[in-house]
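So you know, we letter chains A, B, ... as the sequences are listed, proteins then strands, and number each from 1. All of these numbers come straight from a predicted model, not from anything done at the bench.
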2 protein chains.
Amino acid sequence: MLASDRAYEALRDDILNWRIAPGTALSETELAVRLGISRTPLRAALARLALEGLVDTSRGRTGVVPDISVESIAQQFEVREALELQAARLAARRRDPAVFQELAESFAHATETLAEGGTEAYYAVVARFDAAMEDAVGNPAMRSALESVRIHLFRARRLAQDNPERLLRAAAEHRLICEAVRDGDGELAASATAVHLHGSLTTITDTLHDRTELADRTTHGTEGT
Amino acid sequence: MLASDRAYEALRDDILNWRIAPGTALSETELAVRLGISRTPLRAALARLALEGLVDTSRGRTGVVPDISVESIAQQFEVREALELQAARLAARRRDPAVFQELAESFAHATETLAEGGTEAYYAVVARFDAAMEDAVGNPAMRSALESVRIHLFRARRLAQDNPERLLRAAAEHRLICEAVRDGDGELAASATAVHLHGSLTTITDTLHDRTELADRTTHGTEGT
DNA sequence: CAGCATGACTCTGTATACAGAACCGAAGAG
DNA sequence: CTCTTCGGTTCTGTATACAGAGTCATGCTG
């Protein structure tokens with residue numbers, strides 16, 4: 001594999017999993033030494049991340065990892081809603097019913113999945129769902145647009161401690177989407193997707209509010225205790 | 001300005017205006033010599049174009065300018081429809097009425113604009129419209145998503161010889177969108193946008209069909225005449 | 001004459017060297 | 001004590017050199 005690709009994946013993984021704190025300056029020389037490559041392929045990786053929005057180069061020449069705000073997440077969701085609803089409508093038109101029948105059953109067994117494999121196992125089913133939707137739509141442009149917005153979302157999801165209750169509700173929402181797509185009911189699929197996204201955004205927003213308050217307390221409030 | 005940025009803009013301009021034929025291999029060394037820079041900043045420019053989809057690196061290491069097909073345009077429009085309809089709804093919610101009132105009047109005078117300034121003057125108004133929509137939405141993520149899909153579209157539009165009748169109809173469609181946004185009627189704005197996109201896609205598709213037939217004739221059909 | 005192998009050439013991917021600019025710290029003036 | 005300025009340091013942006021892989025042509029063999 002190319003050194004630039006390895007650097008890209010390594011950095012992307014670090015950013016998505018919050019191993020690099022927001023605001024951290026991404027020094028090219030330092031990162032190149034750390035990853036054991038020269039600056040040339042590393043620059044390519046940084047440029048790619050910057051174009052995807054995972055590195056902010058707007059202020060100053062040196063890139064920094066952007067922070068996540070309630071506002072930025074809400075904006076991402078406005079884009080995501082547009083794309084996912086359209087994808088749901090198109091998928092309902094072009095789907096293979098058997099695929100979404102199987103997925104609907106998987107989501108119906110979410111309780112067991114969570115009990116046996118935990119949140120990871122559940123998210124694996126969600127990943128299969130996302131892939132099935134993209135396949136059903138069969139539109140490379142739509143796929144890359146969805147992946148672009150999902151990258152940012154993945155970062156926010158890593159932050160949100162999904163409680164089992166929320167995940168079970170999300171599973172029920174996903175199940176309904178699958179059934180609607182299976183039946184070719186595009187409008188229901190779109191509506192169910194809107195419902196799901198609303199719940200998802202609410203969960204993330206609540207988590208971010210908690211996180212912001214916590215950060216404010218540790219920053220300013222210590223002298224008050 | 002940075003050499004890599006100049007290279008990016010120069011190449012982008014060449015690709016968008018069909019000065020580089022689809023399928024042309026983009027040799028790094030050759031382009032670097034032509035633009036008077038070294039390969040390092042040129043590679044950055046090529047990588048950026050590849051990520052935006054203006055250069056295809058999928059088959060082979062060396063990038064080529066992708067061709068435009070009816071299918072690829074239809075796929076781009078599926079994404080564009082999702083984004084523009086959402087943008088229209090959001091813009092109607094957050095707009096400054098005066099801005100869209102002024103734009104509606106500009107589109108009402110499209111006949112004079114076309115007579116005096118030609119298609120260029122008309123497209124300048126459309127550019128103002130696009131910018132006003134993005135400003136009204138006030139969502140950087142939506143803006144970049146829209147710009148991404150509009151880049152591809154710009155290339156197709158360069159191909160379509162817009163006849164005055166189509167442009168006048170498009171102006172009427174734009175005018176309705178502006179009035180709906182001005183009045184805060186998101187659903188009407190979305191519907192009017194859908195109508196406009198349908199007309200736009202139809203025009204481009206027809207042009208592409210003509211172009212394909214022409215290419216087929218010049219390639220295979222000469223022995224028949 | 002056709003198919004294959006071999007060799008040269010070109011191209012990409014990577015490393016390194018260098019120049020210019022920005023930033024940080026310290027020292028001096030007000 | 002604070003502000004400004006100057007020097008050093010570090011960083012990015014660019015150019016160039018080099019190695020490996022792929023490709024094309026040519027010559028040889030069957």
Visitor: Below 30° counts as parallel, above 60° as perpendicular, anything between as tilted: where do the rings of B/Phe129 and B/Phe100 land?
Guide: perpendicular
Visitor: Do NZ/NE/NH1/NH2 and the carboxylate oxygens of A/Arg128 and A/Glu102 come within less than 4.0 Å?
Guide: yes
Visitor: How is A/Leu46 classified with respect to the nucleic acid when contacts are heavy atoms under 4.0 Å: base, sugar-phosphate, or nothing?
Guide: nothing
Visitor: Do the side-chain N or O atoms of A/Ser4 get closer than 4.0 angstrom to the phosphate oxygens (OP1, OP2) of C/dT14?
Guide: yes
Visitor: Please round to the nearest 0.5 Å and tell me the distance separating atom CG of B/Leu90 and atom CD of A/Gln75.
Guide: 10.5 Å
Visitor: Just checking, is any N or O donor in the side chain of A/Glu81 or B/Gln86 under 3.5 Å from an acceptor N or O on the other one?
Guide: yes
Visitor: Rounded to whole Å, please give me the gap between CZ in A/Arg6 and C1' in C/dT14.
Guide: 11 Å
Visitor: Can you measure B/Leu26 atom CG to C/dC11 atom C1' for me and round it to whole angstrom units?
Guide: 13 Å
Visitor: Compare the minimum distances between each of D/dT14, D/dT12, C/dT14 and the side chain of A/Thr62, then state the nucleotide with the smallest one.
Guide: D/dT12
Visitor: Nearest whole angstrom, please: distance from the P of C/dA19 to the CD1 of B/Ile37.
Guide: 20 Å
Visitor: What nucleotide, of C/dT12, D/dT16, C/dA15, holds the atom closest to the side chain of B/Arg61?
Guide: C/dT12
Visitor: Separation of A/Arg39 atom CZ from C/dG13 atom C1', in whole Å?
Guide: 16 Å
Visitor: Would you call A/Arg39 and A/Glu30 a salt bridge, using N to O less than 4.0 angstrom?
Guide: no
Visitor: Give the nucleotide from the list C/dT12, C/dT14, D/dT12 with an atom nearest to the side chain of A/Ala3.
Guide: C/dT14
Visitor: Between B/Thr40 and D/dT14, is there a side-chain N or O to OP1/OP2 distance below 4.0 Å?
Guide: no
Visitor: Please state whether the phosphate of C/dT12, meaning OP1 or OP2, lies under 4.0 angstrom from any side-chain nitrogen or oxygen of B/Arg43.
Guide: no
Visitor: Is it true that the side chains of A/Ser72 and A/Ser69 contain a donor and an acceptor less than 3.5 Å apart?
Guide: yes
Visitor: Please answer whether the main-chain N or O of B/His198 pairs with a side-chain N or O of B/Thr202 as donor and acceptor at a distance below 3.5 Å.
Guide: yes
Visitor: Under 4.0 Å, counting only non-hydrogen atoms across every strand here, what does A/Leu42 touch: a base, just sugar-phosphate, or nothing?
Guide: nothing
Visitor: What is the separation between atom CG on B/Leu2 and atom C1' on C/dA21, rounded to the nearest whole Å?
Guide: 11 Å
Visitor: Could you tell me the separation between the CE atom of B/Met1 and the P atom of D/dT14, rounded to a whole number of Å?
Guide: 11 Å
Visitor: For DNA chain D, what residues of residues 27-36 of chain A have any heavy atom nearer than 4.0 Å?
Guide: A/Ser27, A/Glu28, A/Thr29
